[in-house]
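Notes for the one structure printed next.
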There are 2 protein chains.
Amino acid sequence: MTAYTQTPRTRLRRRHDRGAHDRETVHGVLDAGLMCHVGYVVDGFPHVTPTLYWRDGDRVYWHGSSASRMLRLQSDGLEVCLTVSHLDGLVLARSGFHHSANFRSAMLFGRARKLDDRREIERQLEIFMDRLVPGRWAELRPVTGQELKATTVLEMEIDEVSTKIRAGGPVDDEEDYALPVWAGVVPITSRIGTAEPDERLAPGTVPPVGLGQFRLG
Amino acid sequence: MTAYTQTPRTRLRRRHDRGAHDRETVHGVLDAGLMCHVGYVVDGFPHVTPTLYWRDGDRVYWHGSSASRMLRLQSDGLEVCLTVSHLDGLVLARSGFHHSANFRSAMLFGRARKLDDRREIERQLEIFMDRLVPGRWAELRPVTGQELKATTVLEMEIDEVSTKIRAGGPVDDEEDYALPVWAGVVPITSRIGTAEPDERLAPGTVPPVGLGQFRLG
């Protein structure tokens, strides 16, 4: 796969060894997560809002209530920065200074577009839902016109993007390796737990086949 | 505990039932996490950078290399928005529209201050490290003057802040409860795994007592 174009905003200024712009790495970081943080500017002030997102090809999507001020602002082509991060571990070194964290992150810059076409909106909601629980969309009653009106789906090209990844153990000063100080990595993982059924399930209702197929991280 | 003051930026515009500004809730959301997302504006464009943070009383802290452009910009009193989010579960409803997510988030607005006093910096690094592994700081060799110079610690008052929390099962349209569609919550948790020792540990080195005491979430 080819790489996304680098720009002054996405070129890493330090630690170039940790950066990448190729599609495989970018898509890998995006596809490992559910929640992103969207940054945008209101009256000159930065705002960072967490929201669920998904990817379809070279585009990312997020959605919510049409009454959301954030989505209304972003529908109008406001500049956003969408960041996805996974904290993979704490890196304990032999000195305080070399303690670090293992992580994978992707930072996307651009402007969002609000989906207007009903079929396009439904298709994206289906992709989103089936990502979480494969086959889920087909099990649900059709979405109503009113529900679609109350839902805003935003789309953004993955174009100006950078990833940053740190993995592996501590890197200490050579003279510190002799110290009797424990060093290593404490891994951190996100885990999908056992589904908890709602109290008011209709009799005979069974869990969807796709439940539990989604893997985080 | 008393509550933080509400401002136009931190007052929830919708779903007031999900918002809170009291110290207990704010501190609870902050203390459950390790990584925050800091938003700031550069040349008019929003940037969102993930970084580790910690809390000490009514202040939050984050740190990094003194060569970091983000930290240099923020040292000069740039407005920031620091957001901490925990995704607790996927809420599967009987209709696509009522699918939701359980989460806890805190959004802090303000300006950061760079710590200048050596003892203050060391004290905060100790608080940070001992939060991850109690007693760790005392086990490490003293930090050098050069290391301190290469480290920037930023401090921000927790003042203008809001939290938003959704918990519990799906809330469906009354007529949908009869549908034979599975509904419930798929919990998501962050987990600290078993520590992996570095290959070059000095002979006889044992893991720190505090390892594994930190709880995420």
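Numbers restart at 1 for each chain; the letters A, B, ... are given by sequence-line order, proteins then strands.
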So for [X], is it side chain, backbone, both, or neither that comes closer than 4.5 Å to the heavy atoms of chain A?
X       : answer
A183(B) : both
D176(B) : side chain
Y177(B) : both
T194(B) : backbone
L82(B)  : neither
S105(B) : side chain
E139(B) : backbone
H99(B)  : side chain
L90(B)  : side chain
V133(B) : side chain
V206(B) : backbone
F109(B) : side chain

Check [X] against [Y] and note the closest heavy-atom contact, atom names and distance.
X       : Y       : answer
M129(A) : G96(B)  : CE-O, 4.0 Å
S190(A) : S190(B) : OG-OG, 3.8 Å
W182(A) : P208(B) : CB-CD, 3.5 Å
S85(A)  : H37(B)  : OG-NE2, 2.7 Å

Salt bridge or not for [X] and [Y], using N-O below 4.0 Å?
X       : Y       : answer
R141(A) : D173(B) : yes
D198(B) : R94(A)  : yes
D172(A) : R200(B) : no

Open item on the list: Other residues, nucleotides and ligands only: do more than 12 of their heavy atoms fall within 6.0 Å of CZ on R191(B)?
Closed with: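 Counting neighbours around CZ of R191(B), 12 or fewer heavy atoms of other residues, nucleotides or ligands fall under 6.0 Å, so no.
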Task: E175(A) atom CD, neighbour heavy-atom count above 12 within 6.0 Å - done: yes
Let me confirm one number: the [atom1]-[atom2] distance from [X] to [Y], rounded to the nearest 0.5 Å.
X       : Y       : atom1 : atom2 : result
R9(B)   : D43(A)  : CZ    : CG    : 9.0 Å
I188(B) : L34(A)  : CD1   : CG    : 5.0 Å
L211(A) : L92(B)  : CG    : CG    : 6.5 Å
F97(B)  : L148(A) : CZ    : CG    : 9.0 Å

Looking at [options], which makes the most heavy-atom pairs under 4.5 Å with chain A?
options                   : answer
G169(B), A101(B), A67(B)  : A67(B)
G39(B), A178(B), P197(B)  : P197(B)
T189(B), T144(B), V186(B) : T189(B)

Task: Residue selection (most heavy-atom pairs with chain B, distance under 4.5 Å) from P203(A), G44(A), A93(A), A150(A) - done: A93(A)
Open item on the list: If we define contacts as heavy-atom pairs under 4.5 Å, which of P207(A), P180(A), G184(A) has the most with chain B?
Closed with: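 The option with the most such pairs is P207(A).
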So do [Y] and [X] actually touch side chain to side chain, heavy atoms under 4.5 Å?
X       : Y       : value
L140(A) : S95(B)  : no
R136(A) : V181(B) : yes
L52(A)  : L87(B)  : yes

Task: Main-chain N/O of V48(B) paired with T83(A) side-chain donor or acceptor, under 3.5 Å - done: yes
